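Report on one structure; see the data block that follows.
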Amino acid sequence: MAMSDIAAPTVDVVILGAGAAGVAAAVVAARSGCRVTVIDNGPTPGGQYYRGAPPIDSEPSSGPRDLSYAELRAEFDRLTGSGVIDYRSRRTAYAISRHDDDFVIRLRGDDRHRGEIADFRARAVIVATGAFDRHLPFPGWELPGVMSGGGAQLLVKGSGVIPGQRAVVAGTGPFLLAVSGTLLEHGAHVPAIVEANNPSRFITRASAIRGGLSKSGEFLGYVSRLARHRVPYLHRHRVIEAIGVDRVEAVRIARVDADWRVVEGTDRVIECDALAIGYGFVAQTDLAGQLGAQMVLGADGGLVVDVDPNLSTSVPGLFAAGETTGVGGVEAARVEGLLAGASVADHLGRPPALTRRGLDVVRRDIATWQGFAEALHATFPVRDGWRDQVRDDTMMCRCEEVRAGQVREAIDDLGARDTRAVKLFTRAGMGWCQGRICSSAVDSLCGFGTTQSLGDAAVRPLVVPVPLGALANGQMEG
Amino acid sequence: MSRETSFTFDGAPMAAVEGQTIAAALIENGVMSWRTTRFGDRPRGLFCGIGVCFDCLITVNGEPNVRACLSAVEPGDDVRTQAGDGHV
Ligand SMILES: Cc1cc2nc3c(=O)[nH]c(=O)nc-3n(C[C@H](O)[C@H](O)[C@H](O)COP(=O)(O)OP(=O)(O)OC[C@H]3O[C@@H](n4cnc5c(N)ncnc54)[C@H](O)[C@@H]3O)c2cc1C
Ligand code: FES
């Protein structure tokens, strides 16, 4: 559809993502009188943390009571019901562009309704699209039954289905404990939690932060629950191979040193029928990237959207909140959403919805959770030694079935010196997922690791494929 | 209350809970893979669980390339293993 067909602004603000950040931002912007549209590809609001769960009250929430997630979610539902917030579930924002001073956001229905497309025009946009699990390829990780920790967590939390009877949980970070806890609660046996780092310093680091004590308490709670279930919590161990013919039947684990190099002679095999694995999270920056927003490396070395203290990006009118600005957990996402909602209202010249004191509390909480995120990433970093366990026949790009040997060959023999060259020589990152799963690992295997190299890999003109016919017949919604 | 429904997978009847994703329904029925890859003809199933990796592609009522992790199962769905790019 030609740009000239696009009518006058339909809304003040489009919020991309209805996780903790998007829900909080929508409520605050709506309280200021903004006309808000929220777009999310899930069936219900809540994002990856609250997916499938009804609004809960017991969530540890700092700051004023009316800004807790449970209250915000209840208000979100009220405002949606009364039509103040236009909430579109099961819709994917697949592209975004500038048109004069406005933004044009293009939506597509879910995979069973992908021909249903629509365009929105908005004066401001908040990107709150969250994150996905980070993966470090290892032999056998493409076997069925091996899945991301987040995926396993959602399967159980969202559908009450466990991925297997004996599920090993591996990777790094306190999230492994959350996944294990959920699996145990639903009757799975967890033969081991395989943590690549040494988590003991997390307690000291997190407790040193104001408000961090509750988080380290939560962490210790998990640890003692696992002890009751007699689940071994192995430190400085990695899964170095998934074994099986047509599905995972066992994993080989080994002790690793501080740099994640395998300690000779320590490997052993654990039988299992599922492996939930993840090494932290990668921010979903696609849509901000389409607008050319400035990116930076986050505390965990991953690419995140660069924001100022008001969560404004380098593109005027474009704001970002939650995991897109740095991976810091659900509480950080909620308070960032509050600030982004306030900032967008201010940008549009609307009266503030938060009191001065309220805003001070929000800013203080953001600083707290940033400190928490730094403690997290300092304790649970990704170390270079993982690359030694990648054999030449290890799958790097799952979509295009490109193996590590081909990537190494592109660097060593073909002289590839940047992301684009590696991609063109090998096709790694050119499949259905557009490099979301493999590109940070390929980047690290090549030894790049810069904002430029990661940014080049994250250029995705369409977030999801869109049928040509649907594009040609695109209709405006208003 | 969650209501029971049913669908077929490669012709075999299977039970599901309404609103459940196709991936969850298949895993609950003991099916871990429902696609084979284009080059290696290798089995794949659920991986990221949130619509990012496209490993879980499946054919539903004749339509290929549906992400099983995001799509809710609907009563009477004819769900089939997808080979390669799904176009026969
Ligand atoms: C699979 C998964 C499970 C997790 N489970 C837990 C857990 O149990 N406990 C925990 O402490 N942390 C969990 N996390 C970490 C969690 O991401 C954060 O703590 C929290 O959810 C961040 O909130 P957010 O609002 O920034 O993003 P999210 O909650 O991720 O919300 C972003 C929303 O945007 C939607 N979206 C993304 N792109 C588009 C698009 N193009 N168009 C439309 N909608 C889009 C997503 O579907 C999602 O609903 C999980 C992470 C993942 C990836
Ligand atoms: S499992 Fe990754 S897209 Fe469905």
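Keep in mind that the numbers below use all heavy atoms, side chains included, and drop hydrogens, waters and symmetry copies. As the structure is a computational prediction, the values presented were derived from the model and not from experiment. Note on naming: letters A, B, ... go to the chains in the order of the sequence lines (proteins, then strands), and numbering restarts at 1 for each one.
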- Query: Do you know which of A:H135, A:Q48, A:R436, A:R398 has the most heavy-atom pairs with chain B at a distance under 4.5 angstrom?
  - Reply: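 The answer is A:R398.
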- Query: Taking A:C438, A:P43, A:P144 one by one, which has the highest count of heavy-atom pairs under 4.5 Å against chain B?
  - Reply: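 It is A:P144.
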- Item | Aromatic plane relationship, A:W141 with B:F47 - under 30° parallel, 30 to 60° tilted, over 60° perpendicular |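 Geometry flag for A:W141 against B:F47: perpendicular rings.
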Any side-chain heavy-atom pair of [X] and [Y] under 4.5 Å:
{"X": "B:R67", "Y": "A:N41", "result": "no"}
{"X": "A:Q284", "Y": "B:V52", "result": "yes"}
{"X": "B:F39", "Y": "A:E400", "result": "yes"}

Per-residue contact mode, [X] against chain B (heavy atom under 4.5 angstrom):
{"X": "A:L143", "result": "side chain"}
{"X": "A:V282", "result": "neither"}
{"X": "A:Q153", "result": "neither"}
{"X": "A:R247", "result": "side chain"}
{"X": "A:D110", "result": "neither"}
{"X": "A:P465", "result": "side chain"}
{"X": "A:Q434", "result": "neither"}

Is [X] close to chain A through its backbone or its side chain, or both, or neither, when contacts mean heavy atoms under 4.5 Å?
{"X": "B:N29", "result": "neither"}
{"X": "B:A25", "result": "neither"}
{"X": "B:V17", "result": "neither"}

Taking all non-hydrogen atoms of both residues into account, name the closest pair between [X] and [Y] and its distance.
{"X": "B:I50", "Y": "A:A131", "value": "CD1-O, 3.8 Å"}
{"X": "B:C53", "Y": "A:C433", "value": "O-CB, 3.6 Å"}
{"X": "B:Q20", "Y": "A:V161", "value": "NE2-CG2, 3.5 Å"}
{"X": "A:M147", "Y": "B:L46", "value": "SD-CD2, 3.6 Å"}

- Check whether any side-chain N or O of A:E401 sits under 3.5 Å from a backbone N or O of B:G40 as a donor-acceptor pair, and report yes or no.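 Flag set: sc A:E401 to bb B:G40 pair under 3.5 Å.
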Say you draw a straight line from [atom1] of [X] to [atom2] of [Y]; how long is it, rounded to the nearest 0.5 Å?
{"X": "A:D111", "Y": "B:I58", "atom1": "CG", "atom2": "CD1", "result": "11.5 Å"}
{"X": "B:L70", "Y": "A:R112", "atom1": "CG", "atom2": "CZ", "result": "12.5 Å"}
{"X": "B:N65", "Y": "A:R114", "atom1": "CG", "atom2": "CZ", "result": "6.0 Å"}
{"X": "A:I162", "Y": "B:E28", "atom1": "CD1", "atom2": "CD", "result": "8.0 Å"}
{"X": "A:I437", "Y": "B:C48", "atom1": "CD1", "atom2": "SG", "result": "5.5 Å"}
{"X": "A:W432", "Y": "B:D55", "atom1": "CH2", "atom2": "CG", "result": "12.0 Å"}

- Should we count CD of A:E185 as having more than 12 external heavy atoms under 6.0 Å?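 Atom CD in A:E185 is crowded, with more than 12 foreign heavy atoms closer than 6.0 Å.
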- Query: Are there more than 12 heavy atoms of other residues, nucleotides or ligands under 6.0 Å from atom CD of B:E18?
  - Reply: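 Correct, the count exceeds 12.
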